[in-house]
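Only a predicted model underlies this, so the values are computations on that prediction, with no experimental measurement involved. Residue numbering restarts at 1 for every chain, and letters A, B, ... go by the order of the sequence lines.
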2 protein chains.
Amino acid sequence: MIDSLPSLSRLIAEMAKLPGIGRKSAARLAFHVLRQSEAEATALAQAIIELKDRVRFCTCCFSVTEEDPCTICQDVGRDSSKVCVVEQPQDLIAIERSRSFTGRYHVLHGALSPLERVGPEDLKIAPLLSRLEQGGVDEVLLATNFSVEGEATALYLAGVIRPLGIEVTRLAYGIPLGSDLEYVDEATVNRAVEGRRTL
Amino acid sequence: MIDSLPSLSRLIAEMAKLPGIGRKSAARLAFHVLRQSEAEATALAQAIIELKDRVRFCTCCFSVTEEDPCTICQDVGRDSSKVCVVEQPQDLIAIERSRSFTGRYHVLHGALSPLERVGPEDLKIAPLLSRLEQGGVDEVLLATNFSVEGEATALYLAGVIRPLGIEVTRLAYGIPLGSDLEYVDEATVNRAVEGRRTL
């Protein structure tokens with residue numbers, strides 16, 4: 001029956017390509033679109049097209065932006081001597097939300113992963129190094145994820161940045177706020193003990 | 001930071017309107033679209049627009065279709081003396097998938113719900129009755145959901161269809177295939193005992 005509706009099967013197939021959306025959810029979404037008004041459905045389609053149309057990568061930090069360079073790279077009020085390196089634009093947004101960093105950013109667009117054949121040349125590492133070589137930066141904060149790939153990337157970057165005479169820092173490991181110590185995994189407790197601070 | 005990207009916030013807002021998609025999932029989907037190629041994103045947007053453009057409701061059974069009347073209403077090989085009444089087009093697809101019914105359908109587009117102020121006039125009940133009054137139908141199979149609203153709708157329809165001299169049937173209640181009797185809820189077991197059949 002669904003075969004006699006090629007436009008419905010097409011939307012289900014397209015929706016199912018999105019992350020975390022299986023065929024059943026895709027069908028539910030497609031039927032929802034079908035019940036929506038013309039205007040609502042067009043707004044969704046339009047938003048997708050406009051996003052691709054307007055958003056580009058900042059030529060300086062490679063974050064997503066509608067104007068190039070991005071608002072953060074343009075902002076003279078930010079401390080350009082500190083650069084925070086993240087894997088994805090989403091990570092940058094998470095740090096901005098914490099209001100704890102007032103420097104600039106650099107987005108790698110991934111992490112090193114020999115298994116998935118992602119090497120240094122597949123990430124925005126060369127542009128980062130040429131940015132740093134221009135001088136004016138005295139600290140690079142590595143904020144890659146705390147996964148195997150993120151840690152490997154941080155180690156690699158520390159190795160290539162330290163020779164430039166720039167201080168390389170890493171986000172602190174430790175117990176997340178609001179945690180019950182009893183339920184925190186032992187590797188995290190281990191790192192929190194190692195990284196203990198004098199009060 | 002996300003505020004400086006109106007097109008990104010717009011897509012997140014539109015995605016978050018979809019059922020089962022919260023703000024976090026919507027952001028994940030929007031960032032996925034951002035990483036997709038131009039062609040992939042356009043395919044998704046195009047599929048949404050085409051669906052709204054091509055799919056309409058069959059003027060006979062109110063199911064979704066690209067040609068009117070729909071392929072089922074047009075199919076002379078189907079038994080037009082039997083009409084199966086369902087709440088939504090998805091339900092029709094579920095019954096078609098079971099290959100157990102060879103008659104025609106009628107889609108109500110909802111179920112009676114006094115709490116949500118859905119009355120008989122909000123459903124496709126009047127067109128169903130005028131279809132039945134044209135004659136030629138000797139059985140109406142009520143396949144509304146087994147929820148309070150679906151049951152109420154089935155009861156209501158039985159009340160208005162029986163006076164037309166048409167047999168009204170309902171999908172069987174019982175134990176779902178592959179169930180462990182131990183874990184089936186007691187109301188279902190109750191209905192299965194009541195509806196027991198001679199082998």
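Contact annotation for Ser37(A): only backbone heavy atoms (N, CA, C, O) come within less than 4.5 Å of a heavy atom of chain B. Using a 4.5 Å cut-off between heavy atoms, Glu40(A) touches chain B through its backbone atoms (N, CA, C, O) alone.
Distance CG/Leu5(A) to CD/Glu67(B): 9.0 Å, rounded to 0.5 Å. How far CD1 of Ile93(B) is from CG of Leu8(A): 6.5 Å, rounded to the nearest 0.5 Å.
Within the structure, every pair that satisfies the salt bridge (charged side-chain N to carboxylate O under 4.0 Å, His left out) test and touches residues 169-186 of chain B, not counting sequence neighbours, is listed here: Glu151(B)-Arg170(B). Applying the salt bridge (charged side-chain N to carboxylate O under 4.0 Å, His left out) rule to pairs touching residues 46-63 of chain B yields Arg10(A)-Glu50(B), Glu50(B)-Arg54(B), sequence neighbours excluded.
The two residues Ala30(B) and Leu51(A) make their nearest non-hydrogen contact at O-CD2, 3.7 Å. Of all heavy-atom pairs spanning His32(B) and Pro19(A), the tightest one is CG-CD, 3.3 Å.
No continuous path of ILVMFWY side-chain contacts below 4.5 Å connects Phe146(A) to Leu155(A), so the two sit in separate hydrophobic clusters. Tyr105(A) and Val85(A) end up in different hydrophobic clusters when Ile, Leu, Val, Met, Phe, Trp and Tyr side chains are linked at under 4.5 Å. Following chains of ILVMFWY side-chain contacts shorter than 4.5 Å, one cannot reach Leu132(A) starting from Phe62(A), and the two form parts of different hydrophobic clusters. Linking Ile, Leu, Val, Met, Phe, Trp and Tyr whenever their side-chain heavy atoms come within less than 4.5 Å leaves Phe101(B) and Val83(B) in two separate clusters. Linking Ile, Leu, Val, Met, Phe, Trp and Tyr whenever their side-chain heavy atoms come within less than 4.5 Å leaves Leu141(B) and Ile161(B) in two separate clusters.
Under the ring pair (Phe, Tyr, Trp, His ring centres under 6.0 Å) criterion, Tyr156(B) pairs with no residue at all, not counting sequence neighbours.
Here Gln36(A) is the residue among Gln36(A), Gln46(A), Met15(A), Arg97(A) with the most heavy-atom pairs under 4.5 Å with chain B. With respect to chain A, the highest number of heavy-atom pairs below 4.5 Å among Leu34(B), Ile21(B), Leu18(B), Thr42(B) belongs to Leu34(B). Note: Ile48(B) leads Leu29(B), Ile48(B), Ile49(B), Val55(B) in heavy-atom pairs under 4.5 Å with chain A. Contacts with chain B were tallied for Gln88(A), Lys17(A), Arg28(A); Arg28(A) has the most, counting heavy-atom pairs under 4.5 Å.
The interface of residues 106-129 of chain B with chain A, defined by heavy-atom distances below 4.5 Å, is empty.
Checking side-chain atoms of Glu66(A) against main-chain N and O of Ser7(B) turns up a donor-acceptor pair under 3.5 Å.
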